[in-house]
Amino acid sequence: MRLNLFNAKKECFPKDMSPGDIIVLKNLKVELYNHSYFGVSQPSTVYTVYKQDTLVQLPIPDIECDMTEAEEDIVEALDLWYAEKKASMKNTAIVASGVRPYLRTDQLLSHPTKFFDYIGMVVSYKKDNLNPVVNLTLTDFTKNMAPIKLKQVQYPIDREFLLHCTLWDNNAVNCPPLVYGDYVRICNGVKRLSKEGSAEFRVNGDRDNGRKLTKLSADDHLLKDLLKRKKEYSSR
């Protein structure tokens, strides 16, 4: 759909946008002309722009577009849909083989992939009693380059080594009860930045009834490197 934005100040127009960025508009007038719909801004129209993948909001002077949590969930879903569509069109080795990379916590921000698998140790587990959501705090004993900001929450592991993960819908329902020290493998994670700027990831709901999170025994070969880092961390 074509969009016409009007504003007396040039600096109020969105800048530095690229394909895949998401623009949210409120109080927009939609009109039909020549069998095509197009949007026309009104004096009351407000808007904001999210960069693809990171979902960082671009600053727009004098424009305040307040977003609810439900609206931000829609933005995340749209960003995920676009990323999946873009990935399906690329004939890369990872897509062709169906293999996602395993990423450590310290690789999340620097690695170009959006979807990945993760091996970690559970630090905290919280299941929402009203909604199909599970919140996990994890560590693989590598540093989070954008660490958790909530200093008032006390963890037995240094905050800079922690990573937050959210399981949604069927993946939350299928998640087994977990306690501190459990080891897990999580598949098809989607990395993101929180509102506070912390690196984290989520596992979105889908039609696949298989578990995306699997508990690992302490002697699993997948834990070899993590256990080595854990030993080094404990001996500091």
Side-chain angles (χ1 to χ4, degrees), residues 1-90 108-109 112-115 126 128-135 146 148-150 152 164-173 188-207:
M1 184 178 75
R2 170 175 278 181
L3 172 65
N4 295 322
L5 286 180
F6 299 97
N7 199 298
K9 300 179 181 179
K10 290 183 179 181
E11 60 270 21
C12 292
F13 292 114
K15 298 178 181 179
D16 303 320
M17 292 184 65
S18 56
D21 292 345
I22 296 171
I23 182 169
V24 179
L25 302 107
K26 298 186 178 184
N27 298 325
L28 180 74
K29 184 178 181 181
V30 178
E31 298 182 349
L32 179 64
Y33 177 75
N34 238 10
H35 306 290
S36 297
Y37 288 99
F38 65 97
V40 180
S41 65
Q42 308 297 304
S44 60
T45 300
V46 293
Y47 41 86
T48 186
V49 174
Y50 292 84
K51 294 298 292 181
Q52 63 172 314
D53 296 336
T54 63
L55 294 183
V56 172
Q57 283 182 271
L58 295 179
I60 302 177
D62 300 327
I63 302 292
E64 294 186 9
C65 184
D66 296 327
M67 298 287 290
T68 65
E69 186 174 344
E71 290 169 340
E72 290 181 337
D73 285 344
I74 294 174
V75 170
E76 288 190 12
L78 180 58
D79 180 65
L80 177 61
W81 171 83
Y82 182 78
E84 289 177 337
K85 182 177 180 181
K86 186 169 61 174
S88 68
M89 297 174 65
K90 290 183 178 180
L108 288 191
L109 294 183
T113 189
K114 186 179 179 71
F115 303 94
K126 184 177 181 181
D128 193 312
N129 293 324
L130 299 177
N131 302 294
V133 180
V134 169
N135 289 295
I148 293 174
K149 298 286 194 298
L150 299 177
Q152 66 269 28
H164 186 68
C165 170
T166 306
L167 307 178
W168 290 90
D169 303 326
N170 58 305
N171 296 308
V173 173
N188 206 31
V190 183
K191 60 184 179 180
R192 65 187 295 273
L193 288 175
S194 69
K195 292 180 181 179
E196 295 77 23
S198 303
E200 60 182 32
F201 72 101
R202 61 188 290 166
V203 182
N204 295 291
D206 51 36
R207 296 180 180 178

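The residues of the chain are indexed from 1 along the displayed sequence.
The shortest side-chain heavy-atom distance between L5 and Y47 falls under the 4.5 Å cut-off. Between V40 and F6, some side-chain heavy-atom pair lies under the 4.5 Å cut-off. At least one side-chain heavy atom of K51 sits less than 4.5 Å from a side-chain heavy atom of L58. Looking only at side-chain heavy atoms (C-beta outward), D79 and R192 stay at 4.5 Å or farther from each other. Q42 is not listed as a side-chain neighbour of N27, based on a closest heavy-atom distance of 4.5 Å or more. A heavy-atom distance below 4.5 Å is found between the side chains of V133 and W168. At least one side-chain heavy atom of K26 sits under 4.5 Å from a side-chain heavy atom of E71. The shortest side-chain heavy-atom distance between V190 and K114 falls under the 4.5 Å cut-off.
Here K195 contributes atom NZ and E72 contributes atom CD; the two are 4.0 Å apart, rounded to the nearest 0.5 Å. From D21, atom CG reaches atom CG of L55 across 9.5 Å, with rounding to the nearest 0.5 Å. We find the CE-OH distance between M17 and Y50 to be 12.5 Å, quoted to the nearest 0.5 Å. Separating the CG atom in L193 from the CZ atom in F201 is a distance of 14.0 Å, to the nearest 0.5 Å. In this structure, CD on E31 lies 13.0 Å from CZ on R2, to the nearest 0.5 angstrom.
Within the 3.5 Å criterion, the main-chain N or O of T113 finds a donor-acceptor partner in the side chain of K191. Side-chain N or O atoms of S41 include none that pairs as donor or acceptor with a backbone N or O of T45 at under 3.5 Å. Remark: the backbone N or O of P19 is paired with a side-chain donor or acceptor of Q52 at under 3.5 angstrom. Checking side-chain atoms of N7 against main-chain N and O of C12 turns up no donor-acceptor pair under 3.5 Å. Formation of a donor-acceptor pair under 3.5 Å by the N171 side chain with backbone atoms of N204 is found in this model. The backbone N or O of T166 lies less than 3.5 Å from no partner atom in the side chain of N135, so there is not a single donor-acceptor pair.
Contact detail for L130 and D128: the closest heavy-atom pair is N-OD1, 2.7 Å. When all heavy atoms of F38 and L32 are compared, the pair lying nearest together is CE2-C, 4.4 Å. Smallest separation of non-hydrogen atoms from I60 and T48: CD1-CA, 4.1 Å. Smallest separation of non-hydrogen atoms from G205 and N170: CA-OD1, 3.2 Å. In plain terms, the two heavy atoms of P14 and V49 that are nearest each other are CB-CG2, 3.8 Å. Between G197 and A146, the shortest heavy-atom distance links the atoms O-CB, 3.3 Å.
Counted within 6.0 Å of CD on E11, heavy atoms from surrounding residues, nucleotides or ligands total more than 12; the atom is thus considered enclosed.
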